[in-house]
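Taking it in order: structure first as structure tokens, then the write-up.
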There are 2 protein chains.
Amino acid sequence: MEEIEIIHSIRKFNRNYVRSIGLLEKTFLNTGYSLTESHILYIVKEQGKTTATDINKVLNLDEGYLSRIIKKLISNSILTKEKSEDDKRVFKISLTERGIKEQQKLDELSSVSVAGIISHLSLPEQEELAHSFNNIMRLLYGE
Amino acid sequence: MEEIEIIHSIRKFNRNYVRSIGLLEKTFLNTGYSLTESHILYIVKEQGKTTATDINKVLNLDEGYLSRIIKKLISNSILTKEKSEDDKRVFKISLTERGIKEQQKLDELSSVSVAGIISHLSLPEQEELAHSFNNIMRLLYGE
DNA sequence: ATAAATACTTGATATAGGCAAGTAAATTTT
DNA sequence: AAAATTTACTTGCCTATATCAAGTATTTAT
């Protein structure tokens, strides 16, 4: 296979996939959260008590933008922050009770959405699909 | 493989890929065009003389939004429109000379960007990658 | 002839995202 | 140990992206 074909395959995928799966829409699965917000909540769930900086090691957002999103999520009682003991520049961020529930709801909705997208496939086909996605992850990000 | 693992694989990919490849950024590859604008130009190149409706069969944007983007691209001399003969509600849209050049530039930049992303891989790995992307395209969209 | 559907436009508004400057605390340099 | 630099986060200001609803003109269906 020539490089031009390889690039062509990837670009074709890029054009189609992101849009078809709704990742460009302003609100994520009509939840009232943006894709970025839902990613932040996912990361806070994963990392437990964390910091804006640590969140941004994953997301690489504009710092000011991230700060504002966190502020908003705090004012909506989804997140809380407390000043760190050892480094007074830092705020420890975590999910509130309500935040945990909301995150789980988003998680569930996301899974249902993906389930819908692959529902027309047989189980072997779904497995093949997962295998291809895993393959890409491994090749691009080494995991 | 269980369904939950399959869904997990896909969601993991979704979380990582879109962001890593820069498809969420406001301007596409620092070109001054948005991702959506560059998709529109790509489609007009592919379809030749076409219409807003036909573009939107691919992109599914808000009609008003698409109308405005086209308007902007026309005022920047990237696109032109002329009233259709047979259906007077319809405008035929096409690339101007300048539009053709701009589209080619975007095309080239996009390819270079993808080339960069896969540059750390060996050719066999790149082929495997392309194969995985093709596989996903086939399974999800039947091509 | 009337109603309904299609193709496109416009107004108003929300939200996402980007850039730059600024504060405060920690770390490094000299 | 004072000065300079870096790090963590915030705020102001702005633009672009996207959404929703209503409106016009033309075509198709009843």
Side-chain angles (χ1 to χ4, degrees), chain A residues 18-19 22-41 43-44 47 49-76 79-94, chain B residues 18-19 21-41 43-44 47 49-76 78-94:
Chain A
V18 183
R19 230 171 259 283
L23 260 32
L24 259 39
E25 256 118 69
K26 215 156 229 182
T27 125
F28 180 58
L29 303 170
N30 292 315
T31 54
Y33 294 92
S34 71
L35 179 67
T36 300
E37 285 168 344
S38 92
H39 275 182
I40 289 171
L41 297 184
I43 290 165
V44 178
Q47 299 188 348
K49 194 169 282 191
T50 185
T51 67
T53 299
D54 281 340
I55 292 171
N56 227 11
K57 277 173 191 156
V58 183
L59 295 184
N60 279 305
L61 305 169
D62 175 81
E63 282 175 280
Y65 180 39
L66 175 57
S67 175
R68 259 183 265 267
I69 293 178
I70 289 171
K71 191 177 170 188
K72 176 187 159 193
L73 291 171
I74 288 170
S75 81
N76 292 351
L79 295 178
T80 38
K81 72 173 176 184
E82 51 176 304
K83 223 169 191 135
S84 167
E85 291 296 302
D86 31 305
D87 187 336
K88 285 174 182 168
R89 294 168 304 178
V90 173
F91 291 93
K92 295 284 186 183
I93 291 163
S94 43
Chain B
V18 182
R19 232 170 259 283
I21 212 164
L23 259 32
L24 259 41
E25 256 119 70
K26 218 153 225 180
T27 126
F28 181 58
L29 302 170
N30 293 316
T31 53
Y33 295 93
S34 71
L35 179 67
T36 300
E37 284 169 346
S38 93
H39 276 182
I40 290 170
L41 296 184
I43 290 166
V44 178
Q47 299 188 348
K49 193 170 286 190
T50 185
T51 67
T53 299
D54 281 340
I55 292 171
N56 227 12
K57 277 173 191 156
V58 183
L59 295 184
N60 279 304
L61 304 169
D62 175 83
E63 281 176 281
Y65 181 39
L66 176 56
S67 175
R68 260 182 265 265
I69 294 178
I70 289 171
K71 191 176 170 189
K72 176 188 160 193
L73 291 171
I74 288 170
S75 81
N76 292 351
I78 306 297
L79 295 178
T80 38
K81 72 173 177 183
E82 51 175 303
K83 223 171 192 133
S84 168
E85 293 294 305
D86 30 308
D87 186 337
K88 284 173 184 170
R89 295 168 305 178
V90 173
F91 290 94
K92 295 284 185 181
I93 291 162
S94 43

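Computed from heavy atoms alone, side chains included, the values below leave out hydrogens, waters and symmetry copies. The chains referred to below are lettered A, B, ... by the order of the sequence lines, with proteins before strands, and numbering in each begins at 1.
- Nearest approach of G32(A) to E37(A), heavy atoms of both residues: O-OE1, 4.0 Å.
- Once rounded to the nearest 0.5 Å, the distance linking CZ of R19(B) with CG of N60(A) reads 9.0 Å.
- Here the P atom of nucleotide dA16(C) and the CD1 atom of I69(A) are 7 Å apart, to the nearest Å.
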Q) Could you write nucleotides 6-14 of chain C as a row of B, S and -, 5' to 3', where a protein heavy atom under 4.0 Å of any base atom gives B, of only sugar-phosphate atoms gives S, and otherwise -? A) BSBBBBB-B
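- Closest heavy-atom contact between L35(B) and L24(A): CD2-CD2, 3.7 Å.
- Axis orientation changes by 30° from one end of the helix from dA1(C)-dT30(D) to dT30(C)-dA1(D) to the other, with each end axis drawn from 5 pairs and the value rounded to 10°.
- Residue contacts for D86(A): at a heavy-atom cut-off of 4.0 Å it reaches the sugar-phosphate backbone alone, with no base atom in range.
- Of the inter-residue distances, the one linking I93(A) atom CD1 with I70(A) atom CD1 reads 3.5 Å to the nearest 0.5 angstrom.
- Residues passing the salt bridge (Lys or Arg N to Asp or Glu O under 4.0 Å) test with R68(B): none are found, sequence neighbours excluded.
- In terms of the salt bridge (Lys or Arg N to Asp or Glu O under 4.0 Å) criterion, residue partners of K57(A) (sequence neighbours excluded) are, by chain and number, D54(A).
- Within the 4.5 Å cutoff, the side chain of T53(A) has no heavy atoms near those of the N56(A) side chain.
- Nearest heavy-atom pair, S34(B) versus F28(B), reported as atom, atom and distance to 0.1 Å: C-CB, 3.8 Å.
- Nearest approach of Q47(A) to I55(A), heavy atoms of both residues: OE1-N, 4.0 Å.
- The closest side-chain heavy-atom distance from Y65(B) to L59(B) is not below 4.5 Å.
- Counting all heavy atoms, side chain and backbone alike, K88(A) lies closest to E85(A) at CG-O, 4.4 Å.
- Here the P atom of nucleotide dA16(C) and the CZ atom of F28(A) are 14 Å apart, to the nearest Å.
- Looking at K83(B) and F91(B), their side chains come closer than 4.5 Å, going by heavy atoms from C-beta outward.
- Put simply, chain A comes within 4.0 Å of DNA chain D, heavy atom to any atom, from dT7(D) to dT19(D), going 5' to 3'.
- Interatomic distance, T50(B) OG1 to I40(B) CD1, rounded to the nearest 0.5 Å: 11.0 Å.
- Less than 4.0 Å separates DNA chain D from no heavy atom of any residue of residues 32-40 of chain A.
- Along DNA chain C, the nucleotide closest to K83(A) and the one closest to L61(A) are compared, and the more 5′ of them pairs with L61(A).
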